[in-house]
Amino acid sequence: MLLLYLPIVLTFFIYILYLYFTRTFKYWKSRKVRGPEPTVFFGNIKESALRQKNIGVIMQEIYNNYPNEKVVGVYRMTSPCLLIRDLDIVKHIMIKDFEVFGDRGVEFSKKGLGQNLFHADGDTWTALRNRFSPIFTTGKLKNMFYLMNEGANNFVEHISTECQKKQEFEIHSLLQTYTVSTISACAFGVGYDSLDDKLETLKLVDQIISAPTYANELDMMYPGLLTSLNLSIIPVPIQKFFKNLVDNIISQRNGKPSGRNDFMDLILELREMREVNYTKYGNFVKPLEITPEVMAAQAFVFYVAGYETSATTMAYLMYQLALNQDIQNRLIAEIDEVIQRNTGEVTYDMIKEMKYLNKVFDETLRMYSIVEPLQRKATRDYQVPGTDLVIEKGTIVLISPRGIHYDEKYYDNPDVFNPDRFDPEEVGKRHPCAYLPFGLGQRNCVGMRFGRLQSQLCIVKVLSKFRVEPSKNTDRNLKVTPHRAIIGPKGGIHLNIIPRKIKA
Ligand code: HEM
């Protein structure tokens, strides 16, 4: 008898699940916002949730499929989100109306490593950003330059040794060895000589961070769940690693700056300064106490945000130089000229002088923007300028830098690598929001100057000794890894590195 009813019960149960996992899917239609049809449970991000496609690529495809829309309604799992295509609206959200869109909407905990600049929202973020921005000024970077220089010299030596054994390298992982050591030296004061014993743990950090977890998808389905449960999405061993690292540094330095001028010194310096009270939009914001926990959270985010982004950008840059030998020749000529004119060690000011290097770097990040999509959360209902649409409080808005960077409205022949697009006159002709690899507005990348500097220094050092060329394994049709948060090349980038014949 029971068996007779089982199919009916099952069908009913599946129907209830279906209703539940499609309950929000009329949200955008009812507001007359166009967008792709969602799939039960997954919304529009099925391939990303199944780790088949990077979420940044999915958003770029949606951007491309709605060329006439200012905004597109999408569902991340069952949550309605709005993809913004129109650059004037982008400007409002990211810059002008920042008081509504100051949150990123990825906060997972107000404790431990959760109190980091990237994930924190609300007053915690304001307090963190106010407190920590000063450590990224030009003056501080200049003081830290010697640490990067040492890292770059070690790296070039490493390549020279390896080049005696082989010609072909997987350069993405090769460049990671440079950024891991440089960021470790600059962020948490690990000397290059003592790096080897930490390297294994740092590799583990990378593996754990890049391993797919479904916490993000869970938070998309039940926004705010992680924060309300105060859950950490970061595994306990990693939390312990960064906490111990910071505790050791504080005790080695007796809680005072050591004169090394690394981030830890700068944070210890900040700790010694009296905290200044300030207000945000007229409201008093509690000043932030720099506890060892807060320090560990920033060391964590500087490490995670700092090494992979720069290594990936440099790998793509080298790839394009290998495919475009004329551009490589022009860049090498600039590097040689500036070094010869200044004689001696490469300095911060010399890097700033290399205008073509900057253009090559900017064009690389146009073609290969790596932090995608950009994200903000509405902290109150918001009428989208120039439309009847109201973005409801709590809604996530998304921006696709890749969509914009490959849009022919802003960039002719977007598939062509052309650094001259970044001539100042050309830049002046474009909408100010048409280029956003470091995000935009008050919540943009705080480490932008650091990332540019550590990458450009390495490129200069490497190209002053070597050239790059395609190898037999160079993939001319690069794909991106489906699951990593930073968009990187699937299967790596294989190139030949050839010692240059330097004229005496
Ligand atoms: C090529 C290198 C890099 C790229 C392309 C990059 C890109 C980005 C992007 C797109 C964002 C989000 C901005 C937004 O939402 O508007 C971001 C945020 C952030 N980045 Fe970077 N980044 C790079 C290097 C670095 C480095 C070297 C550090 C630290 C040492 C760093 C630390 C951060 C932090 C802490 C945030 C969160 C800022 C906040 O919310 O206040 N980044 N980055």
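Values reported hereafter were calculated over all heavy atoms of this structure, with side chains retained and with hydrogens, waters and symmetry mates removed. Counting starts at 1 for both ligands and their atoms, in listed order.
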**Request:** Just do the salt bridge (Lys or Arg N to Asp or Glu O under 4.0 Å) check on Arg380 and Glu99 with the steps written out, would you?
**Result:** CA-CA 10 Å; Arg380 63 164 165 78; Glu99 96 280 1; 3.2 Å; yes
**Item:** Top protein contact for atom 10 (C) of ligand 1, by heavy-atom distance
**Value:** Pro437 O, 3.1 Å
**Residue and atom name of the nearest protein heavy atom (relative to atom 12 (C) of ligand 1), distance in Å to one decimal** = Arg104 NH2, 3.7 Å
**Item:** Option of least heavy-atom distance to atom 39 (C) of ligand 1 (set: Arg449, Met314, Arg129, Gln442)
**Value:** Arg129
**Prompt:** Under 6.0 Å from the six-membered ring centre of Tyr410 and within 45° of its axis: does the NZ or CZ of Arg430 meet both?
**Reply:** no
**Prompt:** For ligand 1, does Leu374 get within less than 4.0 Å through its side chain, its backbone, both, or neither, judged by non-hydrogen atoms?
**Reply:** side chain
**Request:** Report the member of Asp121, Val106, Thr313 with the shortest heavy-atom distance to atom 1 (C) of ligand 1.
**Result:** Thr313
**Message:** Looking at Arg366 and Pro414, would you say the former's side chain and the latter's main chain have a donor-acceptor pair under 3.5 Å?
**Reply:** yes
**Message:** Could you check whether Asp407 and Tyr63, counting side-chain N and O atoms only, form a donor-acceptor pair closer than 3.5 Å?
**Reply:** yes
**Asked** What residue and atom, counting heavy atoms only, is the protein's closest point to atom 24 (C) of ligand 1, and at what distance?
**Response** Thr309 OG1, 3.4 Å
**Asked** Which pairs count as salt bridge (charged side-chain N to carboxylate O under 4.0 Å, His left out) when at least one residue sits in residues 452-463, sequence neighbours excluded?
**Response** Glu345-Lys461, Asp362-Arg452
**Request:** Report the part of Leu440 (side chain from C-beta onward, or backbone N, CA, C, O) that has a heavy atom under 4.0 Å from ligand 1; answer both or neither where that applies.
**Result:** backbone
**Request:** Could you say whether the N/O atoms of Arg376 and ligand 1 ever approach to under 3.5 Å?
**Result:** yes
**Message:** For the 3.5 Å polar cut-off, considering only N or O atoms, please tell me whether Met448 and ligand 1 meet it.
**Reply:** no
**Message:** Taking distance alone, with N or O pairs closer than 3.5 Å, would you say Arg443 contacts ligand 1?
**Reply:** yes
**Request:** Distance to 0.1 Å, residue and atom name: give those for the protein heavy atom nearest to atom 31 (C) of ligand 1.
**Result:** Ala305 CB, 3.6 Å
**Request:** Return the orientation label for the Phe450 and Phe263 ring planes: parallel under 30°, perpendicular over 60°, tilted otherwise.
**Result:** tilted
**Prompt:** Among protein heavy atoms, which lies nearest atom 28 (C) of ligand 1, and at what distance?
**Reply:** Gly447 CA, 3.6 Å
**Message:** Just to confirm my output: which protein heavy-atom neighbour is closest to atom 34 (C) of ligand 1, and how far is it?
**Reply:** Val446 CG1, 3.8 Å
**Message:** Can you report which non-hydrogen protein atom sits closest to atom 21 (Fe) of ligand 1, along with the distance?
**Reply:** Cys445 SG, 2.3 Å
**Request:** Could you tell me whether the side chain of Thr379 and the main chain of Val100 form a donor-acceptor pair under 3.5 Å?
**Result:** yes
**Asked** Evaluating non-hydrogen atoms only, which member of Phe438, Phe302, Trp125, Phe118 is closest to atom 5 (C) of ligand 1?
**Response** Phe438
